[in-house]
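In each ligand, atom 1 is the first atom listed, and ligand 1 is the first ligand listed.
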Amino acid sequence: MKKKIAILGSTGSIGKSTVEIIKKNKKNFEVVLLTSHKNIKELDKQRRIFKVKNLIVTDHKSFIFLKKKYRNKQIRIFKDYKNLDKIFKKKIDYTMSSISGLTGLDPTLKIIKKTKIIAIANKESIICGWSLIDKALKKFKTEFIPVDSEHFSIWTLIRNTNYSLIDKVYITASGGPFLNWPLKKILKATPSNALKHPNWSMGKKISVDSATMMNKVFEVIETQRIFNLPKSKIQILIHDKSYVHAIVKFKNGINKILAHDTNMKIPIFNSIYHNSKKTFLSKSLDINKLNNLNLKKINILQFPFLKILKIIPDKNTLFETIVVSANDELVSLFLKKKINYSQFQKKLLSIINLKEFQAYKKKKPINIKEISRLNNYVRLKIRELCI
Ligand code: NDP
Ligand code: MG
């Protein structure tokens, strides 16, 4: 029987990789739903490959355009995620959640009810809304697989083991383009310097986050939430080759290390085929890299954003929304050259420490509306303070 799947954000970097993987085995998949925001050209191309009958396009103009184009066809185009009941009559097998930013949280929460497995790449959703996601996963008995490479690696290393045996989890960081730059030089970096990631090819936002090390701040929070671990059990290690993604030290003396090529298709492929014998065509084991892992502790003085980890609560609160929204808005201003790197760093550290935001460290998110409202408020506040 064909595996029924949906891809949220199918036109993005993770979405396209998911499409390429299932395209290789097309006859075994029925793609029930594809979604995008604006990129209807790519969405339409994907629709034709898999003969998809349901599309969601959230940008108004793009929605109207596509709706007109298909007015006489048996293809249903929706403008939001409110009508999932019309699309799914019963649970599908697998969903990839790969919309970027906090906008991905609402669709992710809505689709959990409609899918047996949800693979989540969208890290902002996990960071800001984990308590809501976790509740929905339990309520609808949906299996969750993390896709971010470090978390996919940890998940693989600790599957079928008792979590209480975990002593420490190490996640690696390539160090990004500024690994060998002193802070003085980093503070003068331009957007194009920040976008030059040495190992991974990714979208602009996540590339800047990798340069500032904010991506690792986010990934430590993701690790805390997904695996219910205290910060004291999580450590970042610099590993410029990006071959090892995670190491788990167990209390029984065993250390497990997970290495794979720097290719997001590997976690994506394994999230789709995790219980099957399907093979992924990969390179030979890279002995040169293994012989020279060169793992190092990270220097907090070089990357001051890491200080943020000290003030992140142990359980999911609304404070994480403040951090994610403030960083998101500041990255966007930095990329548009409205602020320089030094202002970006100073503003982020000062804004999240504003007195008015401290009470949120004790507030667990109750619903998505609270998260969205706070997200909008923080963005407005940043624009007020920076422009
Ligand atoms: P991209 O920016 O490449 O793609 C984003 C996708 O989301 C596109 O399909 C886009 O549609 C859609 N989208 C954007 N804005 C909206 C919106 N307002 N409403 C609905 N859909 C929207 O992102 P990536 O694929 O790089 O990343 C996706 C997520 O995965 C992020 O959260 C990222 O942090 C995470 N991640 C990514 C990794 C990577 O290697 N790229 C690695 C680990 C995690 P359209 O194309 O029409 O704009
Ligand atoms: Mg990662």
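Remark: minimum distance from atom 20 (C) of ligand 1 to any protein heavy atom is reached at Thr58 OG1, 3.2 Å. Ranking the protein heavy atoms by distance from atom 48 (O) of ligand 1 puts His37 CB, 3.9 Å first. Counting protein heavy atoms only, atom 4 (O) of ligand 1 is closest to Gly12 CA, 3.1 Å. Nearest non-hydrogen protein atom to atom 18 (N) of ligand 1 is Thr103 CG2, 3.4 Å. In terms of protein heavy-atom proximity, atom 43 (C) of ligand 1 is nearest to Asp148 OD1, 3.2 Å. Among all non-hydrogen protein atoms, the one lying nearest atom 6 (C) of ligand 1 is Ser98 O, 3.7 Å. At the top of the distance list for atom 25 (O) of ligand 1, counting protein heavy atoms only, stands Ile14 N, 2.9 Å.
Every atom of ligand 1 is numbered from 1 in the order shown, and the set under 4.0 Å from a heavy atom of Lys123 is 32 (O), 34 (O), 44 (C). Here is the list of ligand 1 atoms found below 4.0 Å of a heavy atom in Ala121: 30 (O), 35 (C), 36 (N), 44 (C).
At most 12 non-hydrogen atoms from other residues, nucleotides or ligands lie less than 6.0 angstrom from NZ of Lys38. By the 6.0 Å contact criterion, CG on Leu285 is enclosed, its count of non-hydrogen atoms from other residues, nucleotides or ligands being greater than 12.
By heavy-atom distance, the residue among Leu43, Ile206, Asn215 lying nearest atom 33 (C) of ligand 1 is Ile206. Heavy-atom proximity to atom 7 (O) of ligand 1, evaluated over Ser100, Gly104, Ser36, is greatest for Ser100. By heavy-atom distance, the residue among Glu222, Glu124, Lys41, Glu42 lying nearest atom 32 (O) of ligand 1 is Glu124. Nearest-heavy-atom check against atom 29 (C) of ligand 1 across Leu8, Ile99, Val147, Ile40 picks out Ile99. With distances taken over non-hydrogen atoms, the option nearest atom 9 (O) of ligand 1 out of Ile7, Val57, Asp209, Thr11 is Thr11. Counting only non-hydrogen atoms, the option in Ser13, Pro267, Ser10 that gets closest to atom 41 (N) of ligand 1 is Ser13.
Inter-residue side-chain proximity for Lys113 and Lys139 is flagged as unmet; no heavy-atom pair is nearer than 4.5 Å. Side-chain contact between Leu237 and Val244: absent, with no pair of heavy atoms (C-beta onward) separated by less than 4.5 Å.
At the Mg ion (ligand 2), the angle from OE2 in Glu219 to OD1 in Asp148 is 100° when rounded to 10°.
Aromatic ring centres of Phe305 and Phe344: separated by under 6.0 Å.
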Under the side chain to side chain contact (heavy atoms under 4.5 Å, CB included) criterion, do Ile145 and Phe152 qualify, and how do the steps go?
-> CA-CA 7 Å; Ile145 306 177; Phe152 177 78; 4.1 Å; yes
Just do the ring pair (Phe, Tyr, Trp, His ring centres under 6.0 Å) check on Phe334 and Tyr341 with the steps written out, would you?
-> CA-CA 7 Å; Phe334 171 65; Tyr341 193 99; 5.8 Å; yes
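Looking at Asp93 and Lys116, a side-chain N of the basic residue comes within less than 4.0 Å of a carboxylate O on the acidic one, giving a salt bridge. Note on Lys216 versus Glu150: salt bridge recorded, some NZ/NE/NH1/NH2 to OD/OE distance being below 4.0 Å.
Nearest heavy atoms, Lys91 versus Thr142: NZ-OG1, 2.9 Å.
With a 4.0 Å cut-off on non-hydrogen atoms, Asn39 touches ligand 1 through its backbone as well as its side chain. When heavy-atom distances to ligand 1 are checked against a 4.0 Å cut-off, Asn122 comes that close through both its backbone and its side chain.
A distance-only check finds no donor-acceptor pair linking the side chain of Gln224 to the backbone of Ile234 [under 3.5 Å]. Looking only at distances, a side-chain donor or acceptor of Asp286 sits under 3.5 Å from a matching main-chain atom of Lys289.
Its N, O or S atom nearest to the Mg ion (ligand 2) is what matters here, and for Glu150 that atom is OE1.
Considering backbone and side-chain atoms together, Gly15 places no N or O closer than 3.5 Å to any N or O of ligand 1. In terms of polar-atom proximity, defined here as any N/O pair under 3.5 Å, Gly9 does make such a contact with ligand 1. Considering backbone and side-chain atoms together, Met264 places no N or O closer than 3.5 Å to any N or O of ligand 1.
Tested against His274 for a ring-ring contact (aromatic ring centres under 6.0 Å, His included), the candidates Tyr94, Trp155, Phe280, Phe144 yield a single pass: Trp155.
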